[in-house]
Every structure is written in structure tokens, then in C-alpha cells.
Amino acid sequence: MEYLKIIAFTHQQIDLKSLGKLVICEQTLDDRLRNIQSELNIKEIFYVGTCNRVEFIFTSAAQLDRSFISRFLHVLDMGLPEEYMENFINNVSTYENVEAFNHLLRTSCSLESLVVGEKEILAQVRKAYEACKEAGFTGDYMRMIMNRVVKTAKEVYTHTNISRNPVSVVSLAYRKLRELNMCGNSRLLIIGAGETNNNIAQYLKKHKYSNFSIFNRTLEKAESLAKELNGKAFPLEELANFKGGFDVIITCTGATEPVITTEIYESLLNGETGKKVIVDLAVPNDTALEVRENFPIHYIEVESLKEVARKNIQERYDELVNAEHIIEENIKEFELVLRQRRIELAMSEVPRKIKEIKEKAVNTVFADEINSLDDEAKAVLEQVISYMEKKYISVPMLMAKDILVKNS
């Protein structure tokens with residue numbers, strides 16, 4: 001694990017509004033990661049962006065010093081003013097080698113989450129990895145890392161009570177919404193049809209809310225969620241023209257600029273003056289600051305859920321300890337798995353070499369002798385050679401692994 005590195009920007013060091021400026025939209029992710037790979041000599045990399053963290057997991061021989069972090073952010077080219085760059089460099093969390101692996105395991109098991117015990121983070125990490133894998137940014141090493149990440153997370157969720165009565169950002173937001181005593185026929189306007197809004201929509205449906213209007217950049221996804229909720233679907237560009245009214249807006253998109261601007265919000269109000277509710281779970285926020293400051297609204301965002309999340313951590317302290325024991329055991333096991341894999345890779349040339357020796361023996365060195373044999377003798381000889389070939393390939397590999405296990 002000597003080359004595993006992580007550069008992390010999280011809710012623990014950076015306020016969520018600033019953190020949102022590092023969120024990379026899907027359309028530009030491949031180009032940015034490709035630039036990072038080529039400019040910084042990085043072999044494998046994947047990016048994780050959630051409502052409370054932005055992390056880059058990669059392999060590199062470089063030291064994660066201030067100079068490297070600065071160069072990394074400049075090559076990433078997010079168009080940030082220099083004061084923001086300084087803030088991020090001063091508040092970055094870096095992890096190398098075993099410490100990086102430990103951090104990735106803790107993150108995927110939700111021990112580093114804003115809300116300890118929520119399972120969404122594992123799905124988010126896996127989805128992020130799969131996207132980068134399909135784009136060709138990861139290889140065999142990250143495949144092994146992720147296999148162990150999934151194994152460890154499943155063990156933590158199975159063998160501890162850390163996710164009992166699961167609490168997530170979505171469930172906390174729903175609780176806040178319920179505290180406002182919204183009636184069942186409240187007009188709910190949902191912006192974004194991704195995983196987060198799908199999850200909160202399930203809470204609303206379960207508690208008999210029924211008046212939904214769903215907007216999404218991809219209309220098909222809006223239609224899919226609308227069908228499940230028995231609501232109406234619209235393309236996101238039609239948001240400014242919507243005149244159906246609303247009592248609650250629930251928004252979570254991947255936009256890097258506010259979706260709900262003053263102009264759009266005034267249009268959505270359509271002359272209504274009562275106090276509305278906005279549940280904004282996007283990072284960066286989908287709601288412009290001017291809307292939050294200039295209109296009478298109950299505003300629920302990820303940042304406001306932190307205190308509830310801190311209490312959740314205290315309640316789950318004993319389970320944190322149990323989870324950390326499972327993580328420690330998996331790190332020890334994985335170090336052996338890695339060493340075995342190195343042996344496999346180092347000996348990967350053995351089968352080819354043996355086949356070359358066999359071909360030379362049969363076709364050159366002993367060609368005349370073999371040709372003088374009858375068909376039955378040739379068949380027996382071929383069986384003997386094939387048997388010996390397989391053993392010459394498998395026996396050294398098994399012996400090397402056995403020696404490794406005994407000496408570990």
C-alpha cells in the first residue's frame with residue numbers, strides 16, 4: 001500500500017458552502033482526472049463527491065506536501081480565486097499508505113460521515129469507483145482495494161449495531177420537515193431525481209404525501225420518479241415557467257451554480273406571500289443566498305443538521321469501537337493478499353516461459369525422435385508433457401504463497 005494516497009476535503013475542516021466549490025460536475029470529470037493523471041504521473045485515480053466530502057483516491061510515488069497539493073488543485077482547474085485555493089490547501093486532509101487505506105475503510109463504513117451509521121456512503125463510493133473504472137482511470141490495484149472496502153463495510157454493518165435504527169442526512173432532513181407539521185396535501189416541488197431525492201421521496205410517500213411535481217435535467221429520470229409518486233414530471237429548464245404553486249421545495253442537484261435564483265423563486269411563488277419551506281440537500285446549495293435572505297422561508301440544509309449528527313455519534317460510540325476492530329483485522333488480512341498478488345504478478349511470466357520451452361522441445365530439440373513415434377505413443381507423450389507443464393506452472397506459485405503465509 002506504499003503508493004496509495006488520498007486528498008480529502010470534508011465537513012470536518014471546511015464549511016459545506018465552501019466545500020461545494022470543489023464538487024466536479026459529471027460533464028467535466030473525465031477531462032479533469034485525465035489532466036491530473038498526465039500532469040502528475042498518477043496511474044490510477046477515482047473521485048468521490050458527496051454532500052459532505054470531496055476526495056481523490058489515487059496511486060502515486062509523490063509525497064503529499066503543500067507543493068503537491070497546490071499543484072494538484074491548480075491542474076484540477078476549478079476556476080477558484082486564490083483566496084479559496086489557500087483555504088483549501090490550509091484545510092486539506094491527506095493520507096498515505098496504510099493510513100490512506102484505513103481512512104477509505106472508515107469512510108466507506110460511515111465512521112467518517114456526518115451521520116455515523118448511514119449506509120448511503122458505501123453506495124456512493126462504489127458508484128464513484130465504478131464510473132472511474134468504466135472511464136479507464138483505475139486498474140488492478142484499485143480493484144483489489146475496492147473489493148476489500150466492500151467486504152469490510154458489509155462486515156461492519158452485519159456484525160455491529162452501528163446502522164441499527166439507521167439515521168442519514170435524508171432521514172434527518174425529513175424529521176426537520178415533519179417538525180413543521182406540513183399537511184398531507186402540501187404541494188411538493190422536487191428538483192433533481194437523483195439518489196438523495198429518491199430517498200427522501202420514499203419517506204414522503206410512506207407518510208401519505210401525494211402532491212408531487214418533479215423537475216430534472218434528464219426528463220426520463222423525472223418521469224420515473226413521478227410514476228412512482230403518482231406525480232407530474234417536467235424538464236428542469238421548465239422550472240421558471242411552472243405556475244402550479246408549492247408549499248415545499250426539495251432540491252438536490254449536481255449543479256455548481258444556484259438552481260433557485262431570485263428570479264426563478266419569484267416566478268414559482270406566482271403571487272403567493274406565505275412562508276414556504278425549502279429543503280436543500282445539495283452541495284453546493286441549489287438555493288441562491290439572496291433567496292434565503294430576502295424571502296420568508298423555513299430553510300433546511302445539510303449544515304443545519306450537524307448538531308443532530310454529533311449527538312448520533314455519541315450514541316453510537318460503543319459500535320464505533322467494534323467497527324474499528326473489524327477494520328483493523330481487514331487491513332492485516334489485506335496486506336497478505338497484496339503480497340500474494342505481487343507474487344502472482346512477478347510470476348506471471350512463468351507460464352509463457354514454460355510454454356516456450358515446451359514448444360522448442362517438441363518442435364526443435366526432440367522433433368525427429370517424436371516424429372518417429374507411432375500415434376499412440378505421441379498421444380501418451382502429449383499427455384505427459386501437458387501434465388508436467390501444468391505442474392511446473394502451479395507448484396512454484398503454491399510454494400511461494402506458502403512461504404509467504406508462513407513468514408507473515
Side-chain angles (χ1 to χ4, degrees), residues 1-14 19 46 48-59 64 91-129 141-172 302 305-341 405 408:
M1 284 179 277
E2 59 184 319
Y3 297 124
L4 184 62
K5 317 285 183 184
I6 296 178
I7 295 175
F9 305 91
T10 76
H11 63 94
Q12 294 171 337
Q13 283 82 30
I14 301 172
L19 187 62
F46 73 97
V48 177
T50 74
C51 62
N52 51 50
R53 68 180 62 252
V54 168
E55 302 200 8
F56 299 89
I57 301 94
F58 58 96
T59 56
L64 298 189
N91 291 283
V92 67
S93 297
T94 60
Y95 307 89
E96 302 186 60
N97 311 330
V98 176
E99 185 183 351
F101 189 44
N102 181 55
H103 170 75
L104 182 58
L105 290 175
R106 288 177 57 86
T107 298
S108 301
C109 296
S110 86
L111 274 61
E112 299 284 345
S113 294
L114 183 65
V115 180
V116 173
E118 54 93 4
K119 294 183 179 181
E120 282 89 347
I121 183 62
L122 176 60
Q124 290 167 334
V125 172
R126 290 180 73 174
K127 183 178 179 181
Y129 163 73
Y141 183 69
M142 285 298 181
R143 175 190 64 79
M144 295 180 66
I145 290 285
M146 283 304 301
N147 284 347
R148 182 60 54 159
V149 164
V150 173
K151 175 184 179 294
T152 305
K154 287 182 177 178
E155 288 179 7
V156 166
Y157 292 131
T158 300
H159 301 298
T160 76
N161 289 323
I162 199 166
S163 60
R164 185 181 62 185
N165 300 321
V167 180
S168 65
V169 170
V170 167
S171 64
L172 292 179
V302 175
L305 305 174
K306 276 188 173 181
E307 186 53 42
V308 183
R310 276 191 285 269
K311 183 181 178 184
N312 174 63
I313 291 176
Q314 293 171 356
E315 292 173 349
R316 294 166 191 262
Y317 178 77
D318 290 341
E319 299 309 320
L320 280 171
V321 174
N322 294 333
E324 284 167 353
H325 287 322
I326 293 173
I327 288 172
E328 287 172 11
E329 288 302 312
N330 272 278
I331 290 174
K332 290 177 184 176
E333 289 177 13
F334 188 65
E335 287 173 343
L336 178 60
V337 170
L338 267 185
R339 290 200 291 272
Q340 290 177 333
R341 182 58 176 161
V405 170
S408 63

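Counting from 1, the numbers follow the sequence of the chain as shown.
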Just how far is it from atom [atom1] of [X] to atom [atom2] of [Y], taken to the nearest 0.5 Å?
X	Y	atom1	atom2	result
Arg148	Glu335	CZ	CD	10.5 Å
Leu4	Tyr141	CG	OH	4.5 Å
Ile327	Leu105	CD1	CG	5.5 Å
Leu336	Ile331	CG	CD1	14.5 Å
Glu96	Ile7	CD	CD1	9.5 Å

Do [X] and [Y] have side chains that get closer than 4.5 Å, going by heavy atoms?
X	Y	result
Val125	Met146	yes
Val54	Val48	no
Ile145	Phe101	yes

So, for [X] and [Y], which heavy atoms are closest and what is the spacing to 0.1 Å?
X	Y	answer
Glu99	Thr94	OE2-O, 4.3 Å
Thr160	Ala323	CG2-N, 4.0 Å
Ile6	Ala100	CD1-O, 3.2 Å
Ser108	Leu122	O-CB, 3.6 Å
Leu19	Ile14	N-CG2, 3.8 Å
Phe46	Met142	CE2-SD, 4.0 Å

Legend entry - Salt bridge Glu155-Lys151, side-chain N to carboxylate O under 4.0 Å: yes
Legend entry - Audit row: Glu55, Thr50, side-chain contact (heavy atoms from CB on, under 4.5 Å) steps and yes/no: CA-CA 9 Å; Glu55 302 200 8; Thr50 74; over 6 Å; no
Inset, instruction - Begin from the C-alpha positions of Asn97 and Lys5 and carry the test side-chain contact (heavy atoms from CB on, under 4.5 Å) through to its verdict. - result: CA-CA 6 Å; Asn97 311 330; Lys5 317 285 183 184; 4.1 Å; yes
Inset, instruction - List the steps, then state whether side-chain contact (heavy atoms from CB on, under 4.5 Å) holds for Phe334 with Met144. - result: CA-CA 9 Å; Phe334 188 65; Met144 295 180 66; 4.1 Å; yes
Inset, instruction - With sequence neighbours excluded, tell me which residues meet side-chain contact (heavy atoms from CB on, under 4.5 Å) with Glu324. - result: Arg106, Leu111
Legend entry - Those residues that, when tested against Ser93, pass side-chain contact (heavy atoms from CB on, under 4.5 Å) (two or more places apart):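 With sequence neighbours excluded, Ser93 shows a side-chain contact (heavy atoms from CB on, under 4.5 Å) to Ala8, Gln13, Tyr95, given in chain and number order.
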Inset, instruction - Start with the C-alpha distance between Asn330 and Glu333, add both sets of side-chain angles, then the distance that settles side-chain contact (heavy atoms from CB on, under 4.5 Å), and finish with yes or no. - result: CA-CA 5 Å; Asn330 272 278; Glu333 289 177 13; 4.1 Å; yes
Legend entry - Short side-chain to backbone donor-acceptor contact, Arg53 and Glu112, under 3.5 Å: yes
